[in-house]
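Hydrogens, waters and symmetry mates play no part in the numbers below; they use all other heavy atoms, side chains included. Since the model is a prediction, treat every value here as computed from it, not as a measurement. First listed ligand is number 1; within each ligand, the first listed atom is number 1.
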Amino acid sequence: MTRSEIPFFPPDLFEHDRKVMLDVIQDIGRDPRQKFILGEHTRDFEEMLRDDLGAGDVVACGSGTAALGLVLRAMDIGPGDEVVVPAFGCAPLAASVVEVGATPVFADIDPRTLVLDPASARRHITHRTKALMPAHMFSIMADMPRFTELAASHDLRLIEDSAVAQGAVLNGTPAGLWGEAGVYSFVQVKSFGMPGEGGAVVTRDPALGRRLRMLRNHGQQERFVHQAVGTNSRFDEIQAAFQRYRYAGFPGRLERRAEIAEHYTERFAPLAEHGLVAPPPGRNGRCHYVYNVLAEERDVLREYLAEHGIGSHVYYPLALPYQAAFLPYAPADERWPNAEHASARVLALPIYPHLTDAEVARIADAVREFVRHRPRAAAPGVPAS
Ligand SMILES: *Cc1c(COP(=O)(O)O)cnc(C)c1O
């Protein structure tokens, strides 16, 4: 049997839809109206998402990062305000807060689910705290029922970074609708990724939606009449038309991701005592954007997989408070042990929907082989809590 490479980032994500992609470019490119941003395709895309979710409004914008920034601005969060964010995650979680002049305050994560720990978040609330910004991470939604309570009991805004969790549902409520505002990212690698940059804010609150619409387009409601200082974060018509077409296949692709995750989790269950911990099984509040295991010998495993033609990826090798960019927001005497623990062990395995069953089995086999051939003293992947 020839061993083909299984890349972590597949180069053929849009292969099936290439003809549609080119047709859309032709159609919009030849349309006499020559409307390339914020036209009818964007409006139809927003309305489709809004109606499907049962949201009050969906506002398409330049990226997931831009969506977070727009939400913070729309809530008038700025200098003197603190926003509690997870210590483990992607840079926009902290950078979006810094960008509006507010201060990100890092709270630790849960060691197993890798999402913001509500108890740690609570300990970081001060009289300056304006908002909580939990993020759904990799394949697991944050504990939104507890964050909803925490926000209500402390009179805080609740911003849901659901950039990776489009399509996930926790206790019957879709990711994005738990917070006063949630965000989605459509960058290529995300579950509903597209060939370019884009994002959206979703909210139940139509008034917040109107304010976001104004802010994404230079603070104007009417042309050249500026109600507020906004920004340029508009959406592309070609991408909107392409995403509308691709939306029909999205549930099927998500289901395939869930199946792959289930296969891995089942096959990895016996490895927990041997230093390799899979995410907890289950479907409630799960999104399957990235499948991360916690491996005691992460770097050796990664090399072993590469030798066997299997790509993997480390999200994220360094927790946010230890990044040079965010040191000014990380108190020198504080540590985030669970975030540190995770950053030394996380390894993401391929999970894109067009992996074949044989490829999925080959990846799971390789991980099991690695663990079997490297017997170590029992090394739990999760610190005792
Ligand atoms: C990808 C991501 C973002 C940013 O989205 P972009 O579209 O890449 O700007 C924000 N938060 C999380 C948790 C993400 O994974």
Side-chain angles (χ1 to χ4, degrees), residues 8-9 13 45 49 58-73 83-100 104 106-107 109-110 113-116 121 131-144 147 158-168 170 175-176 178-179 181-202 212 216 231-236 239-240 243 257 285-292 313-320 323 325-326 339 342-343 346 348 351-352:
F8 184 79
F9 293 110
L13 271 178
F45 177 50
L49 293 178
V58 172
V59 181
C61 63
S63 67
T65 303
L68 290 175
L70 287 168
V71 170
L72 290 162
R73 277 168 185 252
V83 179
V84 178
V85 303
F88 189 61
C90 61
L93 278 167
S96 61
V97 175
V98 174
E99 194 115 319
V100 296
F106 296 108
I109 56 167
D110 179 281
T113 58
L114 311 183
V115 291
L116 182 61
L132 303 175
M133 194 153 89
H136 310 318
M137 294 293 295
F138 312 125
S139 65
I140 302 182
M141 283 177 66
D143 188 344
M144 296 312 292
F147 285 111
L158 181 59
I159 301 168
E160 182 185 358
D161 184 347
S162 44
V164 306
Q166 190 175 358
L170 175 64
W178 278 93
V183 306
Y184 295 150
S185 165
F186 309 127
V187 75
Q188 187 162 348
V189 297
K190 300 284 158 86
S191 299
F192 190 45
M194 63 188 198
E197 293 275 14
V201 182
V202 304
L212 290 159
R216 79 169 163 186
T231 184
N232 174 3
S233 184
R234 300 179 294 218
F235 203 79
D236 188 298
Q239 300 285 7
Q243 284 302 75
R257 284 173 179 269
R286 306 304 287 276
C287 46
H288 308 296
Y289 157 59
V290 160
Y291 186 89
N292 252 339
H313 198 60
V314 176
Y315 300 89
Y316 297 92
L318 190 61
L320 293 173
Q323 300 275 359
F326 304 121
S343 58
V346 271
I351 193 175
Y352 41 91

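- Ring orientation note: the planes of Y316 and F88 are nearly perpendicular, at an angle over 60° on the 30°/60° scale.
- In this pair, F186 and F235 present their aromatic rings perpendicular. The plane angle is above 60°, beyond the 30 to 60° band.
- A parallel orientation is assigned to the rings of H313 and F8, their planes being inclined by less than 30° (bins at 30° and 60°).
- Residues passing the side-chain hydrogen bond (donor to acceptor under 3.5 Å, both in side chains) test with R73, sequence neighbours excluded: none.
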Check ligand 1 for N or O atoms under 3.5 Å from a protein N or O and list each pair with its distance.
unit_1, atom_1, unit_2, atom_2, d
ligand 1, 5 (O), S185, OG, 3.4
ligand 1, 7 (O), G64, N, 2.8
ligand 1, 7 (O), S185, OG, 2.6
ligand 1, 9 (O), G64, N, 3.4
ligand 1, 9 (O), T65, N, 2.8
ligand 1, 9 (O), T65, OG1, 2.5
ligand 1, 11 (N), D161, OD1, 3.2
ligand 1, 11 (N), D161, OD2, 2.6
ligand 1, 15 (O), K190, NZ, 3.1

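- Within the structure, side chain to side chain donor-acceptor pair (under 3.5 Å) contacts touching residues 86-96 (residues at least two apart or in different chains) do not occur.
- With sequence neighbours excluded, no residue forms a salt bridge (Lys or Arg N to Asp or Glu O under 4.0 Å) with R286.
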